[in-house]
Structures are given as C-alpha cells and as structure tokens.
Amino acid sequence: MSKVKLPDGSEIAANGITAGQLAEQIGPRLGKAAVAAKINGQITDLSTPINDVAEVKILTGKDAEGMDVMRHSCAHIMAEAICSIWPEAKLVYGPTVEDGFYYDIDLDEPIRPEDFEKIEKKMAEIVKADEPFVRKEMPRAEALKKLANDKYKTDNINRADGDVISFYTHGEGFEDLCRGPHIPSTGRCGAFKIMSVAGAYWHGDPTQKMLQRVYGTCWPTKKELDEHLNRLEEAKKRDHRVIGKQLDWFSFHEEGPGFAFMHPKGMIIWNEAVDYWRSVHRRYGYSEIKTPIILNEKLWHQSGHWDNYKENMYFSEIDGVGYAVKPMNCPGGCLVYQSRKHSYREFPMKVAELGLVHRHEASGVMHGLFRVRQFTQDDAHIFCNPEQIEQEIIGVIELTFEIYRTFGFDDFHIELSTKPQKHIGSDEIWETATNALEGALKHKEIDYKVNPGDGAFYGPKIDFHIKDCLKRSWQLGTIQLDFSMPQRFGLVYTDKDNTEKTPVMIHRAVLGSFERFLGILIEHYGGNMPLWLCPVQVRVLPISEKTNAYAEQVQSKLIKAGLRSETDSTDEKIGAKIAKAHGEKVPIMFVVGPKEAESATVNVRIRGAESSRTVALNEILKILGNNVVDKKQELKLE
RNA sequence: GCUGCUGUAGCUCAGUGGUAGAGCACGUCCUUGGUAAGGACGGGGUCGUGGGUUCAAGUCCCACCAGCAGCUCCA
C-alpha cells in the first residue's frame, strides 16, 4: 500500500484509485469541486490512476491551473455547440487565454453576435447533460490516418510532440483532437459567456485563410463571471477615447485619420506635462533642439530609413526634389551634431528633442491616442565615448524612474534585449555595449528580464514597462545603443590624443509618445487627473446670483494664485452645479453664499467626497498651491 | 492591409419601404435656491459619401470613406 503526499504535507493511502476517487476520499465537497489533478507536478485528468506517485494536488476552479482546465473544456463545449448549429464548421485550434478562451473555426457563413445567445443556449444544454469527457489515445500514424481529410487537425498532429496522440470525446459523438487535460464531465464547467468574434489568420499568417475566432470567458461561479464583466465595464468607462470626447480634451476627424486634434483643455494637460518634462531634463543636464519635419530624400537614404522603413513613411516633392516626412528624429539630430566640430570635453552631450514624427500605420491598427500616425516623441540623443556608456545609462534610468513616479506609476520593470542574429558591428563592441547596459542595471540593483536576440540590428536596448491601475502593462521608455548612425553620418569628435574618433550614440525616450502617454494617463486615472494636471482645477459655485460678486472676487484670487479656475454663475440650483462639476471631473469646488462672503471663506468640496468643509480663502489657496507645486497624487485638506 | 460589425441632431441612441424621433447638451423665459441635475417654451438633421433597385429608400443592393472588435504589423 503506497501513500501520496498532499499539498498540506499530510499523507494518504491511495493505491489503484484515480485522482478523482482520491478527491472523494479526501472529502465529498472536494470530490464535487474537483476539475483536474496535479500529479507530480503534471496536470492531468481526474480519471488518471495514481500508482507509485509522490505528490498529488486536486485542482478546483479556485486554482489558476484548475480554472485553465475548465476554460479549455468550455472551449470544447462551445465547439460542440457551434458544430451542432453549423455542421459544416471545421475546428482548427482552441486554446485558453487570459480570462477565457477562444476557438478558431473555418466556416464560410459568418458567426454574428446575434448568434451568441443560440450558442450559449446549446452550451447550457451540453453542461446540463453532464456528459463525461473521455480520453482516447492512439499512435501518431493511426491518428493521422483517422484525420487524413482534415487539414487543420492533421497540421495540429504534425505540430504535436510524442508518439501518442490523444482525443477527447463528450456528449453524443463530439470528438476533438486534444492534448487535454479536461474536467471530468461537462457539468463541472463554470459560468460562461461568448464575448466576441473576430477574424484570425491560420497560424497568424496573412497569406493563409482567415478563420473566425470566437472568444468566450468562463469562471467557476456566476458571481466571478459577473465580477469579470463588471471589470470590463469599468475598463470601458476609462476608455481615453470616450473621456477625451466627453471632456472636450481632444478629437479625431475623418479628414485626418490617425491625427489627433488637441483642444484647449487637452493642451493644458499636455503643456503641464511638457513643462515638467523640460524641467527634469534641464536638471539632468540636457539641452534641447528642434529639427524640421520634412527633409530631403537623400538624408533618408543615408540614414538607412529608405531601405528599412520606407513602407511607413510619407513623401512629398518641393521644387521637383523628393522630400520625406520624418518618422524619427535621429537623422536631423545628426545634422545638428555635424554642424560644428566636437571635443571629448563636451561629452557626455545630451540633446533632447520633442520631435513631431509621422508614421504611416496600417489603417486597421489605429486606436485613439495609443496608436496614431502623427506623434510627439520625447526623444534625446546622448553622444559620448564608450567608457561613459554605463554612467549615462544610469543617469537615464534615474531620470526615467523619477518621471514615472511623478506621474503616479510605481509599478514598473525593465527588459534587456541582446544581439540578434542579423546585426552590424563587431562582437567586441556588442559585448561592450551589452555589458554597459547590464552593468548599469546591476549597479542600480534593478531586476530585469532578458530577451535574447531581441535587440535592434544596430545595438542592444533596454525597454521600460509600466503597469497602470488596472494592471495593464505598457511599454513606454527605451534606451538603444547605436553604432550605425554615427558611422553612416561620419560623426566624429576630437579625442585627448588629437585624433578623430566616432562617438557612441544613445537614443532614448522616457514616455515614448506624448499622445500615447496622455491616453495612458487618462485611463490610469479614469480622467480624474491629479490636481497639477487638471485643465480646470477649481470651480467656484455661487449659491445664487446674490453671491456672484463674491464669486468673482474669489475667482480673481484663484487666478492670481496661479490656479486654473472657472465660475459657474448659471441660474441653476447649487445641487445641479455640483453634479455638473462632478460630471466634468473638476477636482475642487468652492461653494460660496452669503455666509462665506461675510467671513472671507469658501465651502470646499473635493471631487468624489461626500462632505464639504468651510475654509478661509487664503488658507485653501496655500494648500492647493502647495499640492500643485509638489505634484501630489492625492488631495487632502488636512 | 485582412475578417466581421457600425455610421440618424453637438453627445448617447430609437426608428424594417410611405412627410425625421427621444434623453442630455444648446438658446430664451420663469425660478434666486445651501451641497450629486427645478420648470416652461424653442432652435437644431439633403439619416457618412456616391451609385443602383422601387411609384416611393434613413430603411433593400453595390462601391468607397471613417469608426469599433480582433488578426497581422509596431526595425
């Protein structure tokens, strides 16, 4: 009689029984909740016998792994439902994804959102029938023969490892090639919902047939499903495209797809962010330049963009000569560098540029401010000698972290990408550069992930990723070492020994694109920006016309104190004015009536707070002024 | 770029072949009020663009443009 070890350390006799029976033995409730088992670290069906094994963990919907099994099984259930509705549908591939699953289906008739209910109804029937999932195994050759008429499944077999190919059956005759594992029976499937349908290429290859990808989500309980759907609703409410339109911050127009129009209030946020960005860069010893948007075609041949980036560029002609609209700032920066002689004494030379670049993105990829055809890069190029690389990288990392924190992002990580197969420059210089990047990260004791072979062809790079309040990850900053551009442009500096040498060029961006970053900020804060970034920081709300005069006095004091404010002197009641201000996400409201006018106070109401407080005008001006200067995330009256 | 869906008032949307609708916003008037939307009246639309079918098209068909979801892409 052998014993198995459970996750809590206890041991239990279990010979010749299945994992499912073991679960029953541990407790009937576990037996009922069990969806799969983890035997010696391997996730398997509950029907797997446990002989001579050391460790068993029974998985339920509460475990991430159990949930994954459940979602995969749910994909099969959906596949059966779809096949029963459209018998000609051919199944391709149905994996789990974050929060759910999808199934790629080859079916000429389009599946429409109206059909989801029908599919869900059929799925519910399958779940109710509680049919067991049954695993069948056969040798590869036999499986290939069995599925000879199905090119998709044949392809899946060819991509699978091992000599034994498995199939899963449930219900009446529904069978699918699958590695498994699965829940013991369809009744164990949790709460599900079909979410969407979209096209997807077979193998992600645009030359292959477009399949229909039906997305679903599945959770152990109805409650968790509802919570998930609520989270999606929340994310939808934070959509920067919706908020930007509602609050009159920016717009897009048919006349310029992918080109953002910034409105007055949006420009205030923009300019506040730029002012701050400049002040930090000045402090870190950067100078700033501005180079033209349209430059002679020849320049782009020289820079290599003509050969490597032409598809994404815009072109024009001036006096019969070809010009290109810049997709990057570096060639212009190189011309500035070239305009005079340089000495090693100037190094490191840090030159920033808020460069407006244009990239012709494919029509289907545009997305609000996140993906546009015209954007402002917060670019900079650092010219230095090889010994200075590490110190300069450290400087960029410090500057970058400082800026992220100020904007309210504390959760970030770094990835290092190393030499790709296709590269230019000697192994020696790659090693120096990569060591410099790694050295800087180690020196700063920063954890980082390595992406081997993911570097640019001209040099290794570091990427900065942040997480927003919904835990979504965004790549913002990047540091790229470039050995190509200085050579192509023949950039030199005079070294100590009076010889001319080629400088190292470091490209770096902190926020990446100002447009995109504004979008990320909006979604991070749900439009409720910290005070220093708010287009309107204070709105004065007189109780009635009788206090309009005092409201005007308060307003002028606010303006004098450098705070952006408005007065709502419409003939609405105070409750309506407050509701309106909330709707417009104004962070501070000053309610003023006869009482306040008499005592030189204002009744301060903070966006989202239930109560208000009467404070002396001079005092609140000081508090708000300090909050803005310190760029605080929160606003408190204490 | 590919697949599917969508396009009606400033915004959000209803309108399945027979004279264009609602709520919010906007304007005027009434109301002068104490903490999350007081009332009345009014202005506003060649229904994305261009073709076609029909006695008749916002509505049906085709093309184009733009947006949305996804795929591919983002050296």
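These numbers come from a predicted model, not from an experiment. Lettering of chains follows the sequences in order, A, B, ..., and the numbering in each one begins at 1.
Atom pair A/K577:NZ and B/rG34:C1' shows a separation of 11 Å (rounding to whole Å applied). In this structure, A/Q246 atom CD and B/rC24 atom P are separated by 16 Å, rounded to whole Å. One can place CD of A/E598 at 14 Å from C1' of B/rG34, the figure rounded to the nearest angstrom. Between A/K573 atom NZ and B/rA37 atom P there is a gap of 10 Å when expressed in whole angstrom units. Protein atom CG of A/D571 is 13 Å distant from nucleotide atom C1' of B/rA37, rounded to whole Å. Computed from coordinates, the A/I578 CD1 to B/rA37 P distance equals 9 Å when rounded to whole Å. Per the geometry, CE belonging to A/M366 stands 9 Å off C1' belonging to B/rA66, to the nearest Å. Atoms CZ (A/R371) and C1' (B/rG70) sit 14 Å apart, rounded to a whole Å.
Put simply, A/H367 has a side-chain N or O that comes within less than 4.0 Å of OP1 or OP2 on B/rA69. The side chain of A/K546 contributes an N or O atom lying less than 4.0 Å from OP1 or OP2 of B/rG33. Distances shown here put a side-chain N or O of A/S363 below 4.0 Å from the OP1 or OP2 atom of B/rG1.
On a pure distance criterion of 3.5 Å, no polar donor-acceptor pair joins the side chain of A/Y201 and the base of B/rG70.
Comparing A/E361 and A/I606 by the nucleotide of RNA chain B that holds the closest heavy atom to each, the one mapping nearer the 5' end is A/I606.
For A/I543, the side-chain atoms get nearest to B/rG33 when compared with the rest of B/rU12, B/rG38, B/rG33. Here B/rU12 is the nucleotide among B/rG38, B/rU12, B/rC73 with the atom lying nearest to any side-chain atom of A/K245. Distances from the side chain of A/A198 to the nucleotides B/rG7, B/rA69, B/rA36 place B/rA69 closest. Nearest to the side-chain atoms of A/K580 among the listed nucleotides B/rA37, B/rG70, B/rG34 stands B/rA37.
Between A/Y102 and A/Y93, the two ring planes are perpendicular [angle over 60°; tilted spans 30° to 60°]. Classification of the A/Y314-A/H358 ring pair by plane angle, with boundaries at 30° and 60°, yields perpendicular.
Contacts of A/A579 with the nucleic acid, taken as non-hydrogen atoms under 4.0 Å apart, include base atoms. Nucleic acid contact class of A/R241 (heavy atoms, under 4.0 Å, all strands): sugar-phosphate only. Note on A/R605: a base of the nucleic acid sits closer than 4.0 angstrom, heavy atoms only. Residue A/E596 is classed as a base contact, given a heavy-atom separation below 4.0 Å to a base.
Nearest heavy-atom pair across A/K153 and A/V92 is NZ-O, 3.6 Å.
Straight-line distance between the C1' atoms of B/rG7 and B/rG45: roughly 14 Å, to the nearest whole Å.
Electrostatic pairing of A/K461 and A/D463 counts as a salt bridge here, judged by a charged N lying under 4.0 Å from a carboxylate O.
Taking the ring centroids of A/H263 and A/W249, they lie at or beyond the 6.0 Å cut-off.
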